[in-house]
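Read through the structure below, which is laid out as structure tokens, and then see the notes.
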Number of protein chains: 2
Amino acid sequence: MNVNFNNRDPVYVQVVRHFKEQIATGMLEPGQEIPSRRELANKLKINPNTAQRAYKEMEEAGLIHTERNLPSKITRNEKTLGAVREELIAGAVDSFVAAIRPINVSLDEIVGLIQDKYEMESKEEGGYE
Amino acid sequence: MNVNFNNRDPVYVQVVRHFKEQIATGMLEPGQEIPSRRELANKLKINPNTAQRAYKEMEEAGLIHTERNLPSKITRNEKTLGAVREELIAGAVDSFVAAIRPINVSLDEIVGLIQDKYEMESKEEGGYE
DNA sequence: CAGGGTGTATTAATCGATTAATACATATTT
DNA sequence: AAATATGTATTAATCGATTAATACACCCTG
């Protein structure tokens, strides 16, 4: 459990994204238990309400479900889980294309640049500033 | 002169980006005059101060220069101008790769998706929501 | 039963960036 | 000279999201 926070996005959004990435890569499996709000808050040094906010978003998205005061669990709805990966990928692709299209870059050049960057090992975290 | 504003980024940032795109694609040439702050504000239906804010950013970035109260002009520094295109492209690539890497997608799949999306004519403006 | 752990809801504070209002000096034009 | 357009600076208002404080109901366990 380790989230690299940046300063531009809200914390709860970054927490949600972190869980989505875990789901997308299969690190979190259907039915798996996740930490309690307060436990997560402790681990990440964030306010418990912020953790709750993140979990609430995930609950409403159907990614987790919660019964009474038992540990929340990743949903067993495989369709929902599969869609997470697609959503993350499509979101990244869409915003990339929206950003690059107005610049009139050839497809070949784009592909080359992405390949180069993608193959680099990522020493630096946090992406583009 | 037509900027499709979105609701998430500050207006002045979007204005700056619009000019950078114009520079990157050669629509704005070295030495070319650009509208006055107030004129731009009128065209885009924004506050003159917002236009000024955008121009100030560009001035500080060396993209435009202003003498007294004459129309501001695109810089003639070709190096600066060329860097704009590179900066826009690198920014898009970097943030895309940062977003996609944690999801463990194969390079082939990524490239395929980008090609598909990029070749689509863009009926919808505004990118991914 | 008491205590500590849960999830949840309501409300408030914070906090900063963004936008706008206003004024000023200059220059050009009529 | 007056009027109008320019760029610029200073200051203030707005505005909203995000975060935090607090309280409550529940349940299990010792």
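First the proteins, then the strands, lettered A, B, ... as listed; each starts at 1.
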Strand-adjacent residues in residues 38-64 of chain A, judged by heavy atoms under 4.0 Å from DNA chain C: A:Arg38, A:Asn49, A:Gln52
Spacing of A:Arg8 atom CZ relative to C:dG16 atom C1', expressed in whole Å: 17 Å
Donor-acceptor contacts, no H, no angles, side chain residues 61-68 of chain B, under 3.5 Å, sequence neighbours left out:
from: B:Thr66; atom 1: OG1; to: B:Glu59; atom 2: OE1; distance (Å): 2.7
from: B:Thr66; atom 1: OG1; to: B:Ser72; atom 2: OG; distance (Å): 2.8

Criterion side chain to side chain donor-acceptor pair (under 3.5 Å) against B:Tyr12, the qualifying member of B:Lys56, B:Arg53, B:Glu57, B:Arg17: B:Arg53
Any B:Tyr12 side-chain nitrogen or oxygen under 4.0 Å from OP1 or OP2 of C:dT18: yes
Please list, one pair per line, the donor and acceptor atoms closer than 3.5 Å that link side chains of residues 108-117 of chain A to other protein atoms, with sequence neighbours excluded.
from: A:Glu109; atom 1: OE1; to: B:Arg85; atom 2: NH2; distance (Å): 3.3
from: A:Lys117; atom 1: NZ; to: B:Asp94; atom 2: OD1; distance (Å): 3.1

Rounded interatomic separation in angstrom, taking CD from B:Glu67 and P from D:dT8: 11 Å
CA sep, side-chain torsions, deciding dist, call: A:Val11, A:Leu44, side chain to side chain contact (heavy atoms under 4.5 Å, CB included): CA-CA 10 Å; A:Val11 172; A:Leu44 302 184; over 6 Å; no
Value rounded to 0.5 Å, distance of NZ in A:Lys20 from CD1 in B:Ile103: 10.5 Å
Inter- and intrachain pairs under side chain to side chain donor-acceptor pair (under 3.5 Å), touching residues 24-36 of chain A, at least two apart: none
Donor-acceptor contact below 3.5 Å, side chain A:Arg37 vs main chain A:Asn49: no
A:Arg68 vs A:Pro10, nearer the 5' end of DNA chain D by closest nucleotide: A:Pro10
Protein-nucleotide distance (A:Asn69, atom CG; D:dC24, atom P), rounded to Å: 18 Å
Euclidean distance, atom NZ of residue B:Lys73 to atom P of D:dG7 [Å, nearest integer]: 13 Å
Nucleic acid contacts - residues 27-37 of chain B versus DNA chain D, non-hydrogen atoms under 4.0 Å: B:Ser36, B:Arg37
Qualifying residues under ring-ring contact (aromatic ring centres under 6.0 Å, His included), relative to B:Phe19, sequence neighbours excluded: B:Tyr55
Gap between atoms CG and P, on B:Leu70 and C:dA27 respectively (whole Å): 9 Å
